[in-house]
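Comments concern the structure below.
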2 protein chains.
Amino acid sequence: MKPNTAQKRIEGVLAPVITPFRKDLSPDADRFARHCRWLMKSGCAGLAIFGTNSEANSMSVDEKLELLDALVHSGIPAAALMPGTGHCALSDSVRMTREAVRLGCGGVLMLPPFYYKGVSDEGLFRNFAEVIERVGDERLRVYLYHIPPVSNVPISLELIERLIARYPGIVAGVKDSSGDWSNTKAMLDRFKDRSFDVFAGSEVFLLDNLRHGGKGCITATGNVNPGAIDQVYRRWKDADADGLQAGITATRKIVQKVAMIPALKAIVAHFGNDPQWRAVRPPLVELTSDQERSLVSELKASGFAMPGLA
Amino acid sequence: MKPNTAQKRIEGVLAPVITPFRKDLSPDADRFARHCRWLMKSGCAGLAIFGTNSEANSMSVDEKLELLDALVHSGIPAAALMPGTGHCALSDSVRMTREAVRLGCGGVLMLPPFYYKGVSDEGLFRNFAEVIERVGDERLRVYLYHIPPVSNVPISLELIERLIARYPGIVAGVKDSSGDWSNTKAMLDRFKDRSFDVFAGSEVFLLDNLRHGGKGCITATGNVNPGAIDQVYRRWKDADADGLQAGITATRKIVQKVAMIPALKAIVAHFGNDPQWRAVRPPLVELTSDQERSLVSELKASGFAMPGLA
């Protein structure tokens, strides 16, 4: 299969958008679209909806397809979307990926099947290849999702090499959420000039990533601090880039002192004055009031704000 | 919610039934029912369909519901079924569990949501409680599925304690696939006289489990060696029980020299003379011919047979 090379690729800062739930824990499409609009006007170049921070795996495929459809019909440009479409079940991955391409999404972020551990590169190659072949669309852009601390199923450099060789232009990049800069650097070095876009999985590595040819970052805190992170992306060649990077790293360190997903939701609930945002689906648990209070007060003391949210 | 106490519980040997796939990797309901019938007439007291060895997480909820429905309508008694219904997504777990109860299944085997790692017992409690409450049926029997080597999300004794206290009779037992007899023993000791049925996750521990008050085993090799395993279950008080146990342990050790799921499928393909059984879904990979040849020859040398299969 050949890629449609005229298609523009997403670059810059992407948020793995948190998912709002109603009191009965059903996904809330209106709140979701509202937060997506705020992100797009506040610095995000794209939206990696249905990622780890979106509690994507805590939702059924039907629930996600409904949210995706509603989001696109609410006016968010599909070309800016990079939904997570990788599931344990081959059939689920095919269905979600097909629908994302049909709606015109700029790319898809694909987890490996993550139930079985210690599986072979051959088995993972077959998984991605089956999805690509069954979707069979030149518009498909697959970004591989390497997040071994959560999935416990790593995506090796050798596997990436095989996938790029077989599907050049279709296998378009990676999100490296290993938290290990030496791994990101190895990807950048090995796959440069291969039309393979490396995104850091945290803004902590954004400046390093850009200086070595990376294309941006897809980061949890993009949900709450997109403007400042985008400034590092836009001004990485400027003299004060290291200072800007230090600023976003400091904010990240405050947020990640507690559990990341409930923390992001608590921040949006607080600064957006919208308590229902605190809801998480099991197995996650919301922050305690004490945790939230101390998180918010530390953020405020650092000068953090979310202009235009409330 | 109160359980229907008149309902008989499953005891004995259960197979986590392997799932046959066609050439296009779609699930094959006819082959599946055929294998289930062979298992039930060959020593299995019940069928833990949609377990780890069933590649359950490699199938969509729709695919599993179709197989379940076809199986029940093929004449397999629903009371003998203990389908896996635990998913990462709360909504998927509710849907599968509700349907299993509606069809009259004797129980359900429930994985914890397994994407996020290091989650709290509170979060896992809420997951199981939400499923039980939303299904809201006195016929529901939940067997917790503790398989930390694969799920990487353990079910602690404290969590079980909370669940039994809140849902006595509904939370009916556990499959312990930790591979750690001291953990199984701790469950047996702590929850005896609590109407909580402990199943060993491997026949290697069957005799020990029965001698300490356990109810049987749910074991991969139940797919190929149900008769001999059932003999240990039926004759565990006999003088030759240790000898019978040594026999099934020896067979297990031959099978688990290679990857378990493709091995089980290769054995059924070979002894049932039905090559299509070898198909696995990615990320699994079938055995090489060399692996299969040496597995089969070692089994034959040990006197292994599958009477009535071909």
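By convention in this document, chain letters (A, B, ...) are assigned in the order of the sequence lines, proteins followed by strands, and residues within each chain are numbered from 1.
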Quiz prompt | Residue list, salt bridge (charged side-chain N to carboxylate O under 4.0 Å, His left out) with B:Glu161, at least two apart or on another chain | solution =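 B:Glu161 satisfies salt bridge (charged side-chain N to carboxylate O under 4.0 Å, His left out) with B:Arg190, B:Arg194 only.
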
Quiz item: Listed by chain and number, what are the salt bridge (charged side-chain N to carboxylate O under 4.0 Å, His left out) partners of A:Arg141, not counting sequence neighbours?
Solution: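 Expected list: none.
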
Please rank [options] by heavy-atom pairs under 4.5 Å with chain B and give me the top one.
options                              : value
A:Ser58, A:Pro149, A:Ser151          : A:Ser58
A:Ala129, A:Ala259, A:Ser93, A:Ala89 : A:Ala89
A:Asn152, A:Asp62, A:Val280, A:Leu90 : A:Asn152

Quiz item: Where does A:Thr52 contact chain B at under 4.5 Å (heavy atoms): side chain, backbone, both or neither?
Solution: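 Both backbone and side chain of A:Thr52 come within 4.5 Å of chain B.
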
Quiz item: Using a heavy-atom distance cut-off of less than 4.5 Å, which residues of residues 108-126 of chain B contact chain A?
Solution: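 Expected list: B:Leu111, B:Pro113, B:Phe114, B:Tyr115, B:Tyr116, B:Lys117, B:Val119, B:Ser120, B:Glu122, B:Gly123, B:Leu124, B:Arg126.
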
Quiz item: For chain A, which residues from residues 282-291 of chain B have at least one heavy atom closer than 4.5 Å to it?
Solution: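 The residues closer than 4.5 Å to chain A, in numerical order, are B:Pro282, B:Pro283, B:Leu284, B:Val285, B:Glu286.
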
Exercise. Would you indicate whether the side-chain heavy atoms of A:Asn127 and B:Arg281 approach each other to under 4.5 Å?
Key: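 With C-beta onward as the side chain, the pair stays apart.
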
Practice problem: Evaluate side chain to side chain contact (heavy atoms under 4.5 Å, CB included) for A:Met59 paired with B:Asp92, printing each intermediate quantity in order. | Solution: CA-CA 8 Å; A:Met59 293 187 280; B:Asp92 286 339; over 6 Å; no

Exercise. To the nearest 0.5 Å, tell me how far A:Asp24 CG sits from B:Arg134 CZ.
Key: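 It is 6.5 Å, given to the nearest 0.5 Å.
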
